[in-house]
Structure formats: structure tokens, C-alpha cells
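What follows is one structure encoded as C-alpha cells, with my remarks underneath.
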Amino acid sequence: MVPAEKMGDHYDTIDPEVYNEMCFKVINNTEINVIAKLIAEGLAIPKDAKIFDAGCGTGLIGEMLHKEGYTNMDGADASKKWVEYVNTKGWYKVCEAFYLGMGVDEFPSKFKGKYDCCMASGVFLPNHMPASAMDDIHSCLKTGGYFITAMRSYLYVDGEKHGFKDKINELVADGKFKHHSQGEFVRGTKEVHTLFEE
């Protein structure tokens, strides 16, 4: 397994277009649609809202929102290759390569306290972003801003070793987040690869 701090290097070896095809045909990555729809319709976040895509990958959610008229988005990803790819597309005003979760002091100050919404998809996984990345996400939001994410149900469990749910509970208990809503959706495919099962 690739160490978390080397995950950007791992994704640098994968062609962004190949990954995009895999997202839809193999992984059946439905959370990007769920998150984009929640922003545009469920929460009706204004089109001029300042949005940060934490772990933007190949910019799939950014592309969806851009098509919906959102033009004030920034992003970050651990993969330099994918950031270069995203920067050719014009979906984000600023997209930079760095790893979230190294401590709020290491999180670039130019991203702090300026976003109405932060979205994160496919990042809260083993050996990807640690739970501590949620501190970075909190630091980038304006007061009253939204944090929208999705994760696999087996990881969203009290006491689970990666601590994703525990971290959310901690941030709520500290008054940094207020739990707005929670939903379920199915992703994955049958009989393709055990890693991507429904």
C-alpha cells in the first residue's frame, strides 16, 4: 500500500483521462453527482459563491459545477500531474498541488477563511487524506460556510481507526461545525473488482 504522504506521487503515474473513464465505468463514482447536485439544488448555493475543492483530483465536480454556472472555484490536490491537467481546463481560478492534513499551520494562508463552501470527494480513504485534513477545511471556510463530503459507510463509524467520523464529531463538539444533514447513496459496481464493490 502506498503511504499517504506519497499518494500524490502514486496518482502522478495515472493518466487523468484514464482515471476519469475508470470513475464512471469501473468505480461508478456517484458521489460527485450527489455533491454537485447538493450544491446547485439542495442547498442552492449561489453561483458566485467562493468554493474550494479539497483533493480535487481531475476536477470532475468542478467541471459539473462549472457547467451549472459556478465560476468562483479553487482547488488543490496532492498530484502535481493532475493539478497541471486541471489547470488546462479553466474550471478553477486557482488550483495548486499540496497535501492537506499536515497541520493548519502548514495549510496555505491564501486559502484560509475565504470560502462559502468546501467540497471533498474520494479523499477520506485509507492512505489518502487523514482526518486532520478536516481542520484545514474548517480553516478555509467563512463563518456559516458549508463542508460537503462523502465517504464509504464502513469508514464512517465511531471509533474506526482512521477517525473520520470521530473527527467530525470532535469539530461539532468544539462548535466549529454544525451537522446540517446526512444521506446515503450507492456507488461501486458488482463483479468488477472487490475494491470497488457496491
Side-chain angles (χ1 to χ4, degrees), residues 1-11 13-14 16 18-43 51-65 75-79 82 99-102 117-138 140-141 146-173 176-198:
M1 182 149 308
V2 181
E5 63 275 9
K6 297 291 185 183
M7 194 52 68
D9 296 339
H10 167 71
Y11 282 111
T13 67
I14 303 171
V18 170
Y19 177 81
N20 289 347
E21 185 173 347
M22 185 177 77
C23 271
F24 296 112
K25 292 186 177 177
V26 178
I27 301 175
N28 187 26
N29 185 348
T30 59
E31 68 250 37
I32 56 178
N33 306 81
V34 171
I35 291 172
K37 187 172 183 179
L38 183 60
I39 289 170
E41 297 176 22
L43 296 170
I51 298 174
F52 184 72
D53 192 350
C56 65
T58 60
L60 291 172
I61 306 179
E63 179 181 13
M64 289 177 182
L65 290 174
D77 196 82
S79 168
W82 287 11
Y99 184 73
L100 280 80
M102 302 300 289
C117 176
C118 179
M119 55 190 179
S121 172
V123 297
F124 294 112
L125 294 166
N127 286 43
H128 284 63
M129 266 190 215
S132 59
M134 293 182 207
D135 291 316
D136 296 343
I137 288 166
H138 173 263
C140 83
L141 288 169
Y146 289 96
F147 169 39
I148 303 166
T149 191
M151 65 185 70
R152 296 176 188 180
S153 56
Y154 79 91
L155 294 169
Y156 194 68
V157 176
D158 292 328
E160 197 276 331
K161 68 179 180 178
H162 296 92
F164 300 130
K165 187 175 183 186
D166 294 340
K167 185 63 176 180
I168 290 173
N169 290 340
E170 173 192 315
L171 289 164
V172 169
K176 294 181 176 180
F177 283 166
K178 179 181 177 183
H179 194 266
H180 181 277
S181 59
Q182 182 175 319
E184 292 184 0
F185 57 91
V186 176
R187 65 163 280 165
T189 49
K190 294 179 180 177
E191 301 174 358
V192 174
H193 190 289
T194 54
L195 186 61
F196 307 122
E197 286 180 350
E198 285 186 347

**side chain to side chain contact (heavy atoms under 4.5 Å, CB included) evaluation trace for Thr149 with Met119** = CA-CA 6 Å; Thr149 191; Met119 55 190 179; over 6 Å; no

Keeping the roles fixed (side chain from [X], backbone from [Y]), state whether a donor-acceptor pair exists under 3.5 Å.
X: Tyr99; Y: His128; answer: yes
X: Ser132; Y: Gly101; answer: yes
X: Trp82; Y: Ile14; answer: yes

**Prompt:** Heavy-atom count around Glu184 CD within 6.0 Å, excluding the residue itself: above 12?
**Reply:** no

**Request:** Only pairs at least two apart or in different chains count here, so list each salt bridge (Lys or Arg N to Asp or Glu O under 4.0 Å) that has a residue in residues 119-133.
**Result:** none

**Message:** Under the salt bridge (Lys or Arg N to Asp or Glu O under 4.0 Å) definition, can you give me all pairs with a residue in residues 161-171, not counting sequence neighbours?
**Reply:** Asp135-Lys167, Asp158-Lys165, Lys167-Glu170

**Request:** Report the C-alpha distance between Tyr156 and Ile168 in whole Å, list the side-chain angles of each, state the deciding distance to 0.1 Å, and finish with yes or no for side chain to side chain contact (heavy atoms under 4.5 Å, CB included).
**Result:** CA-CA 10 Å; Tyr156 194 68; Ile168 290 173; 3.8 Å; yes

For [X] against [Y], the heavy-atom pair lying closest together:
X: Asp136; Y: Met102; answer: OD2-N, 4.1 Å
X: Ala131; Y: Gly163; answer: CB-O, 3.6 Å
X: Gly57; Y: Asp77; answer: N-OD1, 2.8 Å
X: Met64; Y: Asn33; answer: CE-ND2, 3.5 Å

**Request:** Just jot down the side chain to side chain contact (heavy atoms under 4.5 Å, CB included) partners of Leu43, sequence neighbours excluded, or say none.
**Result:** Leu38, Ile45, Tyr146, Ile148, His180

**Prompt:** Taking only residues two or more places apart in sequence or in another chain, which ones pass ring pair (Phe, Tyr, Trp, His ring centres under 6.0 Å) with Phe177?
**Reply:** His138, Phe147

**Prompt:** Step by step, would you call Ile39 with Ile35 a side chain to side chain contact (heavy atoms under 4.5 Å, CB included)?
**Reply:** CA-CA 6 Å; Ile39 289 170; Ile35 291 172; 4.0 Å; yes

**Prompt:** Yes or no on side chain to side chain contact (heavy atoms under 4.5 Å, CB included) for Phe124 and Arg152, after CA distance, side-chain angles and deciding distance?
**Reply:** CA-CA 8 Å; Phe124 294 112; Arg152 296 176 188 180; over 6 Å; no

**Request:** Could you pull out all residues at least two apart from His162 that satisfy side-chain hydrogen bond (donor to acceptor under 3.5 Å, both in side chains)?
**Result:** Glu160

**Message:** The criterion is side-chain hydrogen bond (donor to acceptor under 3.5 Å, both in side chains); which residues satisfy it with Asp53, sequence neighbours excluded?
**Reply:** Tyr92

Find the distance between [atom1] ([X]) and [atom2] ([Y]) and round it off to the nearest 0.5 Å.
X: Ser121; Y: Ile61; atom1: OG; atom2: CD1; answer: 4.0 Å
X: Leu60; Y: Leu65; atom1: CG; atom2: CG; answer: 11.0 Å
X: Glu63; Y: Cys56; atom1: CD; atom2: SG; answer: 12.5 Å
X: Cys118; Y: Ile137; atom1: SG; atom2: CD1; answer: 4.5 Å

**Asked** Any side-chain heavy atom of Val172 within less than 4.5 Å of one from Lys178?
**Response** no

